[in-house]
Amino acid sequence: MSQATATAADPVGDSSSERTGLPAAGSDFAPLLRAVKGQGLLERRTGRYAIGIAANLVALGGVIAAFVLLGDTWLSLFLALPLAVLWTRTAFIAHDAGHSQISGDRRASRLIGLVHANLLLGMNEAWWNDKHVRHHANPNHVDKDPDVGVGALVWTQKQAAQREGAARWLTRNQARLFFPMLLLEGIALKIYGFQFLRHQPARERAVSALLMTAHLALYTTLLLTVLSPGKALVFALLLHALFGLHLGMAFAPNHKGMEMPDPDGDRWSHLQRQVLTSRNVRGAVLTDWFLGGLNYQIEHHLFPSMPRPHLRLAQPLVKEHCRSIGMPYAETGLVESYQQALAHMHEVGEPLR
């Protein structure tokens with residue numbers, strides 16, 4: 001199995017602080033951990049996940065059946081939206097499997113991840129887990145979190161100052177270009193997955209490559225069997241654009257514009273590292289559904305293996321604990337979360353304007 005998956009498996013379920021990277025008993029996190037364990041919130045909800053996975057697969061099958069029945073018509077483009085939504089649900093399941101929220105069995109977790117990421121989406125679960133585990137270990141740390149490293153976008157004015165040419169123009173305008181760029185993310189995720197193959201052990205690489213190639217082959221065959229080449233290309237581009245936008249909108253509010261640890265400063269505790277760098281999004285059932293439970297980002301970062309349905313139940317415990325020790329707990333509305341994230345990106349590019 002991939003080392004990334006093993007690392008992400010169950011960071012709060014192991015008593016060894018050296019192996020898990022979590023603080024030892026007696027830290028500011030320990031009382032909260034005891035309270036959460038005492039209420040059984042770290043116990044898995046395998047049955048609920050099984051129902052959710054089955055429902056998602058049935059819905060995917062229904063959309064594909066409708067696609068085939070419609071045949072070679074531009075009306076098929078209307079099915080790109082529900083399919084993109086279901087692809088995002090599929091990505092959420094793969095994400096939860098990578099954190100071992102669904103099952104405590106590592107092989108089962110990886111199998112779920114391989115089916116949902118590599119086969120159904122054409123993404124590489126090993127690439128995602130490797131990147132995501134490093135993010136969880138040091139969120140918003142410019143030297144350690146790949147999500148705030150220099151890429152198409154930058155996250156600090158120091159990074160911005162080093163930009164040249166077209167990248168400099170992009171950084172100046174990155175706030176206004178952020179959502180349009182998400183339209184390319186669906187395709188980029190596939191490319192990143194194939195690029196990561198060279199970093200995987202031979203046997204793992206073969207499995208990942210086989211499943212991602214199978215996804216591309218089946219997906220292309222379906223499109224070209226039902227639609228003319230022109231319509232098939234438009235459908236594929238639209239689907240990936242909507243998928244990238246939806247997935248990006250779910251992850252964008254979580255950390256952008258939040259505290260960024262000073263690489264040369266004091267080392268933060270686990271509680272500081274996870275709470276101060278994360279932002280929750282207020283809302284009800286619809287918000288939980290749209291964001292895949294990631295709107296409880298603080299709780300998710302404190303307890304990565306906690307099943308998604310339990311995050312909202314843990315929130316009152318976490319809020320009260322933060323209040324009792326005087327630690328800020330960031331929570332905003334959905335629109336405000338985007339505004340704060342975009343304001344940060346705009347501020348980063350300010351010196352270049």
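- Residue V275 is tested with C322, P139, P328 for a side chain to side chain contact (heavy atoms under 4.5 Å, CB included); the sole match is C322.
- Classified by interplanar angle (parallel below 30°, tilted 30° to 60°, perpendicular above 60°), the ring pair H246/F290 is parallel.
- Annotation: the span from Q274 atom CD to S269 atom OG amounts to 9.5 Å, rounded to 0.5 Å.
- When atom types are taken as modelled, the side chain of Y49 and the backbone of Q101 share no donor-acceptor pair closer than 3.5 angstrom.
- Of the residues R282, Q297, Q315, the one that meets the side-chain hydrogen bond (donor to acceptor under 3.5 Å, both in side chains) test with E331 is Q315.
- Counting only distance, with no hydrogens or angles, the side chain of R168 and the backbone of L352 share no donor-acceptor pair below 3.5 Å.
- Put simply, OG on S76 and CG on L239 are 12.5 Å apart, with the number rounded to the nearest 0.5 Å.
- Judged purely by atom type and a 3.5 angstrom limit, R279 uses its side chain to pair as donor or acceptor with the backbone of K256.
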Inset, instruction - Test Y338 against F178 for ring pair (Phe, Tyr, Trp, His ring centres under 6.0 Å), laying out the working first. - result: CA-CA 11 Å; Y338 294 136; F178 176 68; 8.4 Å; no
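- Of all the heavy atoms in I93 and I112, the pair that sits closest is CG2-CG2, 4.1 Å.
- Salt-bridge annotation for D147 and R134: absent, with no side-chain N of the basic residue lying under 4.0 Å from a carboxylate O of the acidic one.
- Hydrophobic clustering places L60 together with L222 (ILVMFWY residues linked when any side-chain heavy atoms are closer than 4.5 Å, directly or through intermediates).
- Side chain to side chain, Q200 and N124 meet the donor-acceptor criterion of an N or O pair below 3.5 Å.
- Here the side chain of R45 pairs no donor or acceptor atom with the backbone of P309 at under 3.5 angstrom.
- For the atom pair L69 CG and L79 CG, the distance stands at 10.0 Å (nearest 0.5 Å).
- Q157 and E347 share no donor-acceptor pair across their side chains, judged by distance under 3.5 Å alone.
- Note that NE2 of H255 is 11.5 Å distant from CH2 of W155, once rounded to the nearest 0.5 Å.
- The closest side-chain heavy-atom distance from K190 to H240 is below 4.5 Å.
- Here CD of Q162 is found 10.5 Å from OG1 of T171. Values are rounded to the nearest 0.5 Å.
- L223 and L119 fall into different hydrophobic clusters, where Ile, Leu, Val, Met, Phe, Trp and Tyr are joined by side-chain heavy atoms under 4.5 Å apart, directly or via other members.
- Remark: the backbone N or O of E125 is paired with a side-chain donor or acceptor of N129 at under 3.5 angstrom.
- Aromatic ring orientation, H136 versus H95: tilted (interplanar angle from 30° to 60°).
- At a cut-off of 3.5 Å, with distance as the only test, no side-chain donor of N254 or S278 sits close to an acceptor on the other residue.
- With rounding to the nearest 0.5 Å, the separation of OG1 in T88 from CH2 in W289 is 8.5 Å.
- Between H135 and the options H141, H300, H301, a ring pair (Phe, Tyr, Trp, His ring centres under 6.0 Å) holds for only H301.
- In this structure, a donor-acceptor pair under 3.5 Å is present between the side chains of E299 and N280.
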